[in-house]
Chemist: 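Right, I'll just put the structure down here and ask away after.
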Amino acid sequence: MNRMIRCAHCGRRILSNPRLKQQRYCSQQACQRARKTRWQREKMATDLDYQLNQCDCRNDWNTRNPGYWRRYRSRHPDYVNRNRLLQRGRDRRRRDLAKMDALAEISPVKPGSYYLIPARGNLAKMDALSQKVYLIPTGCTDLAKKDSIDSLTTVP
Ligand SMILES: [Zn+2]
């Protein structure tokens, strides 16, 4: 039986194909391309064999087409600029991460899971509250926003 679904790419409401149990995309070319891109991205992240095979294919193709990327970059300066900006952002994030690692080495408090117990009172009667502790260096606000930390609680 057909049911209405909303395409995960274009957002259009469509009648689903009854042969596809978990259809999430419509049949438009751009949406099918987005579906394949997503599938490939997940496959690259989870399947080591697929990742190695893709790497071999890329290397073979580059061997058969020497100088292709050099010519492509010279003909597409916008691509070069965009790539340069994105790489700069990746480098900056990597530098910030490296700084966090350095902080963890000198700080007596290590990131991890801790039981928080009130400082006063009878220890046997108290329930320990399990909490994760993250160290966030000052001036590293964008990393804190991207992480899974929803709220920060300060303990006096
Ligand atoms: Zn669509």
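Ligands are counted one by one from 1 in listed order, and the atoms in each one are counted from 1 as well. When a residue number appears, it is its place in the shown sequence, counting from 1.
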Chemist: Is any side-chain heavy atom of I5 less than 4.5 Å from a side-chain heavy atom of R13?
Modeler: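 The answer is no, as the side chains (C-beta and beyond) never meet within the 4.5 Å cut-off.
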
Chemist: Keeping the roles fixed (side chain from Q51, backbone from A45), state whether a donor-acceptor pair exists under 3.5 Å.
Modeler: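 Checked: no pair found.
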
Chemist: Can you tell which of R93, R95, Q87, R88 makes a side chain to side chain donor-acceptor pair (under 3.5 Å) with D91?
Modeler: Q87

Chemist: With L15, which of Q23, M4, R3 fulfils side chain to side chain contact (heavy atoms under 4.5 Å, CB included)?
Modeler: M4

Chemist: D47 versus E42: any side-chain heavy-atom pair under 4.5 Å?
Modeler: no

Chemist: Looking at Q29, I'd like to know if its CD atom is crowded, meaning that more than 12 non-hydrogen atoms belonging to other residues, nucleotides or ligands lie closer than 6.0 Å.
Modeler: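 At most 12 heavy atoms, drawn from other residues, nucleotides or ligands, come within 6.0 Å of this atom.
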
Chemist: At a cut-off of 2.8 Å, list the protein N/O/S atoms near the Zn ion (ligand 1), residue plus atom name.
Modeler: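 Less than 2.8 Å away from the Zn ion (ligand 1) sit C7 SG, C10 SG, C26 SG, C31 SG.
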
